[in-house]
Amino acid sequence: MNSFAESILMGGYAFYVWTAYGIAFVVLLINLVLPVLQRKQFLRELALKQKRTRQ
Amino acid sequence: MISAFFAIVRRDLILAVRLRAEAVNPVFFFILVVTLFPLGIGAETKLLQTMATGIIWVSALRAAMLSLDSLFRSDFDDGSLEQLLLSPHPLTILVFAKIIAHWLVTGLPLLIVAPLLAVFLGLPQQALGTLLITLVLVTPVLSLIGSIGVALTVGLRRGGMILSLLVLPLYVPVLIFASNAVAMAGNGYAVDAQINILIAILLLSVVLAPLPAAAALKMSMS
Amino acid sequence: MSFVPAPISRFFHRMASPPHFYCLTNKLLPWLTVIFILLLGYGLYAGLYLAPTDYQQGDSYRIIYVHVPAAWMSLFIYVVMATAGAIGLIWRIKLADIMVICSAPIGASFTFIALVTGSLWGKPMWGTWWVWDARLTSELILLFLYLGIISLYGAIEDKRSASRAVSILALVGVVNIPIIHYSVEWWNTLHQGPTVTKIDKPSIHIDMLIPLLVMAIAFKFYHLIALLQAAKVELLKREQNSQWVKTMLESET
């Protein structure tokens, strides 16, 4: 087993490994966050519409 | 049912004879695109010879793609497609008839110009036979698979781009086997394996493609 | 569906009813998220730290822990999507329609990740960013299939027809994927390119394999979470005029 600092450096392949993980992380995060934001916004709009129709 | 099948084939052929552009345009397009390649990459005989099969097949694919739109378009516009849906015969058979007619009008003419293009690009003599056989086998597959894409997009105003996006990935296997067969034949190898696979793909798409095409057509008309 | 026992059939019908599904999703999501984070945490720790360095590829092989599970997921999600499409076409279940269209962006994302990480792995191993390797090429075509589905859905205005169209296309695609895959593989063996594929190793050390499997399971959970999140939005949009959405809104405000 190697030390923590060594494994950050990835034996000289740090750029490739961390870019790969970084891109994957960002893409997967977008897929999780976007629907949540969309739902919140949609519910807000819907609530507003409902209030308007009731008045 | 069989009489309905032949009635549709006959009707579409008569229409094509009256409107000749539909049959002639893909052929011109095919020739034109092939002509552009030497202008784009230079007229070196050796280079063109190695690229010939690829150029011919990709151009044939594009020509077939462009002609797909005419498969259901005019019938959709004048409402005869709705009549087709209302007929008591199974829609799959009727769609199959339309595909056959479409192939006779747009696929077969490609065969006639193929020798010309082979000469243009310096394709070896012994590959010409294989080129014709593969064209006979592959152009119906292009019409069959394409019919699914057209049926899905016929109701859309700008379906052309989407149609290419839907259909071209599905054309990959036939492109691979057909162009490989022609290239191998040019080098003097036997190409039975590729031809057999292409026959299998043709039979498979004859059986399977009209079903989703008919289902998609129903969706587009609803 | 007479061959299905009554309780099971009742269960499915309850499951497929939108309000019930929405409630159940809300209950399930926290649990799924916890399991996902635990699996992901362990998978990353084991893959990036515990697993030994490969004697041939050095540490660059660690990209395998995103690349391979992402590639597996890209195919898995397509099959799930086509299955949902078939269910939606046959039984006209609204939820199945929603699952089809919500699967497509997730599947496309995994395909994209598989391609990008494959390219990032290829650069130090092959010396170039892109090689027309059989697997990368089929993955690229798979990406086109996903993009076709997404753009077809976007182009058809009536979302119920769009769902049917997309389901048909997904079914056509799932029949074609094996044919495309084998044709590309066959093409690749003929055009022997730079085939220094150190990646194709028959055996893999057990310490390297365990993180791979853990990551694959973590991605399955991720898929479930992302799918349910997207399905909730789509469900609300389609059911916005129904009673259960209205009562839910009232109870919240």
Side-chain angles (χ1 to χ4, degrees), chain A, chain C residues 29 33 36 40 44 47-54 57-67 69-70 102 105-106 108-110 112-114 116-125 219 222-223 225-237 240-241 245-246 248-250 252-253:
Chain A
M1 203 183 296
N2 33 24
S3 80
F4 185 70
E6 264 172 42
S7 67
I8 292 282
L9 290 174
M10 285 290 159
Y13 292 115
F15 169 74
Y16 302 107
V17 174
W18 293 119
T19 320
Y21 277 82
I23 290 173
F25 182 74
V26 169
V27 171
L28 293 185
L29 197 68
I30 288 172
N31 267 314
L32 280 186
V33 172
L34 216 58
V36 175
L37 291 180
Q38 276 174 345
R39 191 180 70 239
K40 289 215 167 119
Q41 200 196 340
F42 185 74
L43 282 177
R44 221 178 296 133
E45 278 168 23
L46 213 61
L48 225 88
K49 213 163 77 183
Q50 210 171 31
K51 213 183 276 171
R52 231 179 282 139
T53 48
R54 213 179 294 143
Q55 278 166 358
Chain C
L29 272 172
T33 314
F36 166 63
L40 183 75
L44 287 177
L48 293 173
Y49 189 69
L50 289 184
T53 303
D54 187 75
Q57 299 188 25
D59 281 320
S60 76
Y61 93 92
R62 289 179 200 277
I63 293 177
I64 201 175
Y65 299 121
V66 275
H67 174 73
C102 291
I106 306 170
S109 302
F110 274 118
F112 176 76
I113 290 171
V116 171
T117 55
S119 171
L120 279 162
W121 194 0
K123 179 66 182 164
M125 289 301 107
F219 276 15
Y222 170 86
H223 170 223
I225 295 166
L227 184 64
L228 291 179
Q229 292 282 19
K232 269 165 83 176
V233 182
E234 194 60 35
L235 195 64
L236 278 178
K237 283 189 178 164
Q240 52 178 299
N241 294 321
V245 176
K246 282 180 186 150
M248 189 191 69
L249 264 180
E250 270 162 27
E252 270 181 22
T253 48

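Quick caveat, the model's predicted, so the values are computed rather than measured. Letters go in sequence order (proteins before strands), and every chain restarts at 1.
The structure places CD of C:E234 at 9.0 Å from CD of A:Q38, a figure rounded to the nearest 0.5 Å. The NZ atom of C:K237 lies 11.5 Å from the CG atom of A:L46; values are rounded to the nearest 0.5 Å. Here OH of A:Y13 is found 13.0 Å from OH of C:Y61. Values are rounded to the nearest 0.5 Å. Between atom OG1 of residue A:T19 and atom CD1 of residue C:I63 there is a gap of 8.0 Å, rounded to the nearest 0.5 Å. Put simply, CZ on A:R39 and CD on C:Q229 are 5.5 Å apart, with the number rounded to the nearest 0.5 Å.
Each of C:A226, C:P124, C:A230 has some count of heavy-atom pairs under 4.5 Å with chain A, and the biggest count is that of C:P124. Residue with the most contacts toward chain A among C:P105, C:S109, C:A70, C:C102: C:S109 (heavy-atom pairs, distance under 4.5 Å).
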Can A:I23 and C:F112 be said to form a side-chain contact (heavy atoms from CB on, under 4.5 Å), step by step? CA-CA 10 Å; A:I23 290 173; C:F112 176 76; 4.3 Å; yes

Could you go step by step and tell me if C:F110 and A:L28 meet the side-chain contact (heavy atoms from CB on, under 4.5 Å) rule? CA-CA 8 Å; C:F110 274 118; A:L28 293 185; 3.8 Å; yes

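Side chains of C:L48 and A:W18 form a contact here, defined as non-hydrogen atoms less than 4.5 Å apart.
If you measure heavy-atom distances from A:F42 to chain C, the contacts under 4.5 Å come from the side chain alone. With a 4.5 angstrom heavy-atom cutoff, C:L120 touches chain A via backbone and side-chain atoms both. Looking at C:V116, only its side chain comes within 4.5 Å of chain A, counting heavy atoms on both sides. Contacts of A:K49 with chain C are made by side-chain atoms alone, with heavy-atom separations under 4.5 Å and no backbone atom involved. In this structure, the portion of A:F15 lying under 4.5 Å from any heavy atom of chain C is its side chain and not its backbone.
Within a 6.0 Å radius of NZ in C:K246, other residues, nucleotides and ligands contribute more than 12 heavy atoms.
Nearest approach of C:S60 to A:V17, heavy atoms of both residues: CA-CG2, 4.0 Å.
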